[in-house]
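Working notes, structure below.
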Amino acid sequence: MNIAIDGPAGAGKSTIAKKIAKKLGYIYVDTGAMYRAMALYFIRIGVSADDSVSISNKCNDADITIEYRNGEQVVLLNGEDVTGMLRTEEVGNMASATSVNGDVRKKLVELQQKLAATSDVVMDGRDIGTVVLPNAEVKVYLTASSAVRAKRRYDELVAKGETPDINKIEADIIERDERDMNREISPLRQADDATLIDSSYMSIDEVVDAVTGLLP
Ligand code: DC
């Protein structure tokens, strides 16, 4: 049994997917973290986001593997646990820019399909229902307005003691959506057979119930 959750940045995909995985005893696969680990590798070796030739060549030197420790996904980049380094704006923007590359996508999609073939998974990303798991039993396209998504991100940063600019956060979100939805390979879009859920005015539990209610 596989559940695919796609949608734009900040729609709450990972929060919802984690809760559902726990509730059902499935494995949660965060595919964004894989693109982020690859992006971290490019940042570290000094490859620029617009150098597609180097990105294609160098992506094969990044060995990305996934492990589960105490039920949490751990991402290893060439054997190093980089899980705690992936959730920064710099890495997120680099991931959005470098995930347009076909060689990067091919490598990570294979890894994702292997994980789903051996376990029941809740997988979130941008192309899960359309490309990675086209036969998933449940497909959801989870979205929310850019203002709501910016406010959620703003609250997260404030809770961490930062003093962010909410307008800049919303502008970044809109720019990232543009790029993710308009790239040539596997753009973010709702699969024809996916259920649309707009979480703008829903609680986390309401969204979890809406998704699990779709299970056959
Ligand atoms: O979900 P996230 O913010 O961690 O994802 C970071 C970037 O990775 C996102 O902007 C686009 C890319 N991505 C992708 O292209 N395909 C996926 N399945 C997941 C993420």
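All ligand and atom numbering here is 1-based and tracks the order in the structure. Residue numbers count from 1 along this sequence. None of the values given here were measured: they were computed from a predicted structure. Both backbone and side-chain heavy atoms feed into the values below; hydrogens, waters and symmetry mates do not.
Protein residues having a heavy atom under 4.0 Å from any atom of ligand 1 are Thr31, Gly32, Tyr35, Arg36, Arg87, Ala95, Ser96, Ser99, Arg105, Gly125, Arg126, Asp127, Ile128, Arg176, Asp180, Arg183, listed by chain and number.
Counted within 6.0 Å of CD on Glu90, heavy atoms from surrounding residues, nucleotides or ligands total 12 or fewer; the atom is thus considered open.
Remark: the Thr15 side chain and the Arg152 side chain contain no N/O donor-acceptor pair separated by less than 3.5 Å.
Although no hydrogens or angles enter the test, the distance criterion places a donor-acceptor pair under 3.5 Å between the side chain of Ser200 and the main chain of Ser145.
The heavy-atom pair separating Ala191 from Lys139 by the smallest distance is CB-CD, 4.1 Å.
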Run the side-chain contact (heavy atoms from CB on, under 4.5 Å) test on Arg105 and Met38 for me, step by step, so that the C-alpha distance in whole Å, both residues' side-chain angles and the decisive distance to 0.1 Å come before the verdict. CA-CA 10 Å; Arg105 301 205 71 82; Met38 186 63 91; over 6 Å; no
Could you check Asn101 against Ser56 for side-chain contact (heavy atoms from CB on, under 4.5 Å), going step by step and ending with a plain yes or no? CA-CA 7 Å; Asn101 183 285; Ser56 285; 3.1 Å; yes
